[in-house]
Protein chains: 2
Amino acid sequence: MKKKTTIYDIAKKLNLTAATVSRALNNNEKISENTRKLVQETALEMNYEQNTLARALKSGKSYNVGVIVPRMDSNFFASVIRGIEEELYPKGYHVIICQTHDQENLETGNINSLLNAQVDGILMSISNSKTKNQIFNSLSRKRVPLIFFDRKKDISGVSSVTIDDFNGAYEATKHLIEQGCKRIAHLSNDRSLEIFKNRYLGYKQAILDHGLELDESLVIETHSKVEEGRKTAKALLSMERPPDAIFSSSDFTALGAIQEIKAQGLKIPEDICVVGFSNEPFTRFMELSITSVDQSPIEMGRMTAQVFLEEVNNGKNVKMEKQIVLTPELIVRKSSLKKQ
Amino acid sequence: MKKKTTIYDIAKKLNLTAATVSRALNNNEKISENTRKLVQETALEMNYEQNTLARALKSGKSYNVGVIVPRMDSNFFASVIRGIEEELYPKGYHVIICQTHDQENLETGNINSLLNAQVDGILMSISNSKTKNQIFNSLSRKRVPLIFFDRKKDISGVSSVTIDDFNGAYEATKHLIEQGCKRIAHLSNDRSLEIFKNRYLGYKQAILDHGLELDESLVIETHSKVEEGRKTAKALLSMERPPDAIFSSSDFTALGAIQEIKAQGLKIPEDICVVGFSNEPFTRFMELSITSVDQSPIEMGRMTAQVFLEEVNNGKNVKMEKQIVLTPELIVRKSSLKKQ
DNA sequence: TTGTATGCGTTATCAC
DNA sequence: GTGATAACGCATACAA
């Protein structure tokens with residue numbers, strides 16, 4: 001194996017000192033234009049590549065950031081990650097992606113192993129509300145910036161980038177009401193997570209604001225899986241007074257619900273309207289395209305990365321907390337659009 | 001910031017030497033059972049965590065591996081990555097995921113920045129056939145193991161894990177023939193990539209083996225996008241003698257084709273049968289579920305990781321090349337199943 | 001502006 | 001079995 005060239009090698013060749021070479025390479029102030037050029041040119045010639053590990057060890061920065069998501073095979077999270085990358089790569093950072101697969105122990109486990117890998121920060125979307133705050137406190141003690149996106153937890157001093165879930169849900173529900181729906185069910189999810197709580201609250205408020213009856217038996221907590229959507233829809237349809245619309249906090253459960261509704265011979269949107277959440281690509285591709293709420297995930301990723309960069313550059317002197325809330329957009333499609 | 005405890009701290013506390021502590025922690029041979037226990041216990045007490053950067057600098061290993069995929073928001077790649085993680089995490093490795101988004105320059109760029117991050121190996125699925133071999137040679141010169149999965153390139157000394165695309169395509173086409181289809185079109189893709197070439201060849205062989213007419217005008221090269229599938233289907237349907245089946249090398253183009261076929265008022269599978277490739281989840285979820293070829297992506301990921309581990313542990317003395325070929329499975333669904 | 005010296009946290013090679 | 005010391009490659013406070 002050819003040994004990699006170090007700053008020592010190029011120092012020797014130029015009858016200089018490693019220190020000088022280091023300075024020249026880092027565009028330090030105190031260096032003559034001549035030596036700077038000379039060093040940089042020979043560095044190029046000798047195929048010099050900085051050993052990031054050594055720099056990391058010395059500076060305490062690894063230029064790696066950890067991103068923790070429940071999973072990455074949903075377009076939403078994949079897109080957020082893409083946004084993060086777009087912002088961070090140009091700054092020389094790398095992204096280590098961890099998935100929790102919604103498993104409780106993996107959340108803490110991932111944080112720990114990221115810390116162990118000396119990441120400069122952690123950007124995460126909470127998957128389990130039960131994860132103890134202890135681990136987050138230990139992050140703050142170690143001065144490793146933590147930024148939440150989408151699924152946040154309210155922790156003082158921790159910044160977050162989210163969308164206005166309340167508003168998104170409110171608009172979606174209002175849209176259903178405007179289509180003439182009177183009994184709107186809501187497929188919810190673990191409401192100890194803020195996003196699901198807020199979607200529920202937005203739904204509720206829209207119902208109340210428009211003088212409809214609020215029937216809590218129409219609100220069902222489930223999981224973001226197609227199969228769960230089917231099951232839940234089945235339960236709803238077998239009610240004495242079944243709903244005439246479903247607002248789902250997830251596109252996947254919305255899809256399951258649609259399957260079940262069709263299987264029972266009901267027509268969408270004539271008999272029942274359905275609205276999902278996240279604007280996953282399949283909502284557009286279905287023959288019966290699905291109305292959904294777009295969360296501008298790429299933008300969310302970019303903002304999250306920007307907040308991280310601010311925190312990391314601010315020198316850790318200023319303890320700040322930034323809450324960025326993006327505006328969702330309702331995309332109306334066939335599954336909820338009754339012909340007038 | 002509380003300083004992290006180092007082996008020096010725990011050495012001082014125990015009136016030992018850092019060297020001894022290191023040995024105890026690493027379960028070295030030459031150490032008494034007593035001190036080993038003592039050290040390990042105090043390490044626990046003092047919340048000692050190994051500084052991976054220092055270990056990496058010293059050992060030349062970063063315990064990071066790079067994974068390069070065209071994109072990760074397809075279930076196939078996401079699942080391969082999951083398989084890789086399942087195999088590598090327990091061994092203490094981290095995974096840095098890079099996406100090329102099918103952009104030519106990103107492929108080389110990603111490799112370079114992964115090298116810069118001192119990864120111990122690169123597992124990748126080629127997205128562009130034009131990427132010059134030069135970059136791969138530089139990998140081998142630096143003794144950084146490279147393993148291809150799915151989309152490989154034939155480079156001597158480089159191992160790969162793929163599926164038998166020829167066979168998968170052959171079975172898919174044979175299935176269509178058994179359904180009575182006579183004019184089977186093939187939506188291909190960049191055939192300078194082996195997977196697409198092999199799928200084409202499998203398709204062709206099945207046609208020939210069953211005495212059907214091979215009409216090259218029914219083979220169209222396109223991109224793995226829904227919209228492209230639509231466009232291509234439109235072209236096919238406007239032919240003088242349109243096809244009575246489509247075998248697509250991608251589920252996404254298959255989906256687009258289905259949309260177009262329906263839009264033109266034709267019936268699937270009665271008028272035209274459609275088969276895709278990859279077994280993306282949506283193929284199962286559509287009202288008209290889509291026949292597809294499963295590639296056991298998780299298994300593929302696990303195997304790829306295992307090959308990497310072998311290469312990295314083998315000491316780089318034995319130069320070996322391993323070609324693992326998994327067997328695909330045809331999943332027959334509504335889009336190609338004519339009632340007998 | 002450049003050189004000297006030192007430390008980042010580990011591990012490996014000597015000795016004892 | 002344990003200690004002393006050097007080395008991994010780089011960056012910086014200090015001296016010149």
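Note on naming: letters A, B, ... go to the chains in the order of the sequence lines (proteins, then strands), and numbering restarts at 1 for each one.
Atom C1' of nucleotide D:dT12 and atom CD1 of A:Ile31 are separated by 13 Å, given to the nearest angstrom. Rounded to whole Å, the distance from CG on A:Asp9 to P on D:dG9 is 9 Å. Taking atom CG of residue B:Asn28 and atom C1' of nucleotide C:dT13, one finds them 12 Å apart after rounding to whole Å. Following rounding to the nearest Å, A:Lys37 (NZ) and C:dT1 (P) show an atom-to-atom distance of 15 Å. Nucleotide D:dG9 holds its P atom 23 Å from the NZ atom of A:Lys61, rounded to whole Å. Spacing between atom CZ of B:Arg36 and atom P of D:dG1 amounts to 10 Å, rounded to whole angstrom units.
Comparing the axis of the opening five pairs of the helix from C:dT1-D:dA16 to C:dC16-D:dG1 with that of the closing five pairs yields an angle of 40°, rounded to 10°.
A search for side-chain hydrogen bond (donor to acceptor under 3.5 Å, both in side chains) contacts involving A:Lys152 returns A:Asp154, A:Gln323, not counting sequence neighbours.
Remark: B:Lys91 is not positioned above the aromatic ring of B:Tyr93, lacking an NZ or CZ atom under 6.0 angstrom from the ring centre and at most 45 degrees off the axis.
Checked by atom type, the side-chain pair A:Tyr8/A:Lys13 shows no donor-acceptor distance below 3.5 Å. At a cut-off of 3.5 Å, with distance as the only test, no side-chain donor of B:Asn34 or B:Ser32 sits close to an acceptor on the other residue.
Sorted by first and then second residue, the salt bridge (charged side-chain N to carboxylate O under 4.0 Å, His left out) pairs with a member in residues 30-43 of chain B read B:Glu33-B:Arg36; sequence neighbours excluded. Among residues at least two apart or in separate chains, side chain to side chain donor-acceptor pair (under 3.5 Å) pairs with a member in residues 51-60 of chain A are A:Gln50-A:Arg55. Residue pairs meeting the side chain to side chain donor-acceptor pair (under 3.5 Å) criterion with at least one partner in residues 77-89 of chain A, sequence neighbours excluded, are A:Asn75-A:Ser79, A:Arg82-B:His101, A:Glu85-B:Gln99, A:Glu86-A:Arg302, A:Glu87-A:Arg302, A:Glu87-A:Gln306.
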Seminar exercise, completed: Going 5' to 3' through nucleotides 3-10 of chain C and flagging B where a protein heavy-atom sits under 4.0 Å of the base, S where only the sugar-phosphate is that close, and - otherwise, we get BB--BBBB

For this session: Step by step, work out the ring pair (Phe, Tyr, Trp, His ring centres under 6.0 Å) result for B:Phe148 and B:Phe136.
Result: CA-CA 11 Å; B:Phe148 288 130; B:Phe136 299 122; 5.7 Å; yes

